[in-house]
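Excluded from the calculations below are hydrogen atoms, water molecules and symmetry mates; all remaining heavy atoms, backbone and side chain alike, are included. FYI, the numbering just counts along the sequence from 1.
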Amino acid sequence: MQNKKSNLTTLCYIEKDGRYLMMHRVKKAHDINKDKWIGIGGHFEADESPEECLFREAAEETGLTLLSFRLRGIVTFMCDRWQTEYMFLYTADEFEGELAECSEGSLEWVDKADVYNLPIWEGDKIFFRLLEEGREFFSLKLRYENDILMEAVLDGKKLHIL
């Protein structure tokens, strides 16, 4: 049981000058996010709080220290290919340090408007819209089959996704 990854994760979109820091997941073998563009983050380690995981992952993947951040939502990911994952979604708008190389993918600042043109998960488009709308906090459940978004539930209400 100790070797099994936690199903608790963080994901953070660092913001600067109308752009998000995005990671193109191209470096890791057997990556569920292979070739997708996502934010930074990862699985909780033993006894970590969401914020401790956020700070550790930010430092490990970017070399940056986050100074200002906000918890924006909780996303429940369900898929026929992996265990259900509960993700704490953050945005951050202040940081210090120099951007470093990442062993999991290539980091790039992407204009917020251009994010939708990248290969991202369909469900990510939903939470990007919620972030754009300035939604204070949300709970989003996303259910995938064969990497296709089959169901989305926002704050307990099913969304039409086609």
Side-chain angles (χ1 to χ4, degrees), residues 5-28 31-78 82 84-142 149 152-157 159:
K5 281 188 174 183
S6 169
N7 66 339
L8 300 173
T9 63
T10 59
L11 184 67
C12 182
Y13 289 95
I14 300 174
E15 301 173 277
K16 176 182 163 187
D17 301 326
R19 299 176 296 167
Y20 286 125
L21 182 60
M22 303 283 291
M23 182 189 304
H24 190 196
R25 297 289 294 241
V26 292
K27 295 183 180 179
K28 211 170 142 184
D31 187 349
I32 204 149
N33 293 302
K34 182 82 173 144
D35 295 326
K36 299 270 194 238
W37 289 78
I38 63 170
I40 59 152
H43 294 268
F44 283 37
E45 291 185 354
D47 303 322
E48 277 187 322
S49 70
E51 293 77 20
E52 289 168 329
C53 180
L54 171 68
F55 295 145
R56 178 183 52 75
E57 290 285 351
E60 287 175 5
E61 293 181 354
T62 70
L64 302 176
T65 300
L66 301 182
L67 303 175
S68 174
F69 64 93
R70 267 184 32 199
L71 177 59
R72 303 300 296 275
I74 296 177
V75 181
T76 303
F77 283 106
M78 298 172 61
W82 67 81
T84 297
E85 180 180 312
Y86 303 94
M87 182 185 76
F88 292 77
L89 178 65
Y90 291 90
T91 55
D93 58 6
E94 274 186 67
F95 55 89
E96 64 184 11
E98 294 295 320
L99 201 56
E101 282 289 313
C102 179
S103 63
E104 296 182 21
S106 302
L107 296 170
E108 188 176 320
W109 291 102
V110 177
D111 286 333
K112 289 180 180 182
D114 294 337
V115 167
Y116 298 96
N117 300 324
L118 298 172
I120 62 175
W121 292 100
E122 278 304 305
D124 292 12
K125 293 176 183 178
I126 297 170
F127 65 68
F128 276 123
R129 281 194 298 276
L130 295 169
L131 295 175
E132 283 173 18
E133 293 169 5
R135 193 78 168 266
E136 284 298 313
F137 188 83
F138 55 87
S139 175
L140 181 63
K141 179 180 176 182
L142 303 170
L149 183 62
V153 179
L154 176 62
D155 295 330
K157 294 183 177 108
L159 298 176

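- Nearest heavy-atom pair, Ile120 versus Lys36, reported as atom, atom and distance to 0.1 Å: C-CD, 3.9 Å.
- Under the side-chain contact (heavy atoms from CB on, under 4.5 Å) criterion, Thr76 pairs with Met78, Thr84, Tyr86, Lys141, not counting sequence neighbours.
- Within the 4.5 Å cutoff, side-chain heavy atoms of Met23 are placed close to those of Cys102.
- Under the rule for a side-chain hydrogen bond (donor to acceptor under 3.5 Å, both in side chains), the partners of Asp155 that lie at least two apart in sequence or sit in another chain are Arg135.
- The salt bridge (charged side-chain N to carboxylate O under 4.0 Å, His left out) check on Lys16 picks up nothing, with sequence neighbours excluded.
- Of the possible polar contacts, one joining the His43 side chain to the Ser6 backbone as a donor-acceptor pair under 3.5 Å is found.
- The CG atom of Leu154 sits 8.0 Å away from atom CD1 of Ile126, with the distance rounded to the nearest 0.5 Å.
- Screening residues 60-69 for salt bridge (Lys or Arg N to Asp or Glu O under 4.0 Å) gives Arg56-Glu60 as the qualifying pairs, with residues at least two apart or on separate chains.
- Residues that satisfy the side-chain hydrogen bond (donor to acceptor under 3.5 Å, both in side chains) test with Thr9, not counting sequence neighbours, are Glu85.
- Checked against ring pair (Phe, Tyr, Trp, His ring centres under 6.0 Å), Phe69 has the following partners two or more places apart in sequence or in another chain: Phe55, Tyr90.
- Atoms CG and OG1, from Leu107 and Thr62 in turn, are 7.0 Å apart once rounded to the nearest 0.5 Å.
- Residues meeting the side-chain contact (heavy atoms from CB on, under 4.5 Å) test with Ile74, sequence neighbours left out: Phe88, Phe137.
- From Phe95, atom CZ reaches atom CG of Leu67 across 9.0 Å, with rounding to the nearest 0.5 Å.
- Scanning for salt bridge (charged side-chain N to carboxylate O under 4.0 Å, His left out) contacts around Glu15 gives Lys112, with sequence neighbours left out.
- One distance of note links SG of Cys12 with CE of Met87; it measures 10.5 Å at 0.5 Å rounding.
- Leu140 has its side chain out of reach of Leu89: every pair of non-hydrogen atoms, C-beta onward, lies at least 4.5 Å apart.
- In this structure, CD1 in Ile38 is found 8.0 Å from CD in Glu104, a value given to the nearest 0.5 Å.
- For the atom pair CG (Asp111) and CG (Asp17), the distance works out to 9.5 Å, reported to the nearest 0.5 Å.
- Shown here for Cys53 and Thr10, the closest heavy-atom pair between the two residues is SG-OG1, 3.5 Å.
- In terms of the side-chain hydrogen bond (donor to acceptor under 3.5 Å, both in side chains) criterion, residue partners of Arg72 (sequence neighbours excluded) are, by chain and number, Thr91.
- Applying the salt bridge (Lys or Arg N to Asp or Glu O under 4.0 Å) rule to pairs touching residues 89-102 yields Lys27-Glu101, sequence neighbours excluded.
- Tyr20 is linked by a ring pair (Phe, Tyr, Trp, His ring centres under 6.0 Å) to Tyr13, Phe128, counting only residues two or more places apart in sequence or in another chain.
- Counting only heavy atoms from C-beta outward, the side chains of Phe127 and Leu11 approach each other to under 4.5 Å.
- Among residues two or more places apart in sequence or in another chain, the side-chain hydrogen bond (donor to acceptor under 3.5 Å, both in side chains) test is passed with Arg129 by none.
- Between Ile40 and Leu64 the shortest side-chain heavy-atom distance does not fall below 4.5 Å.
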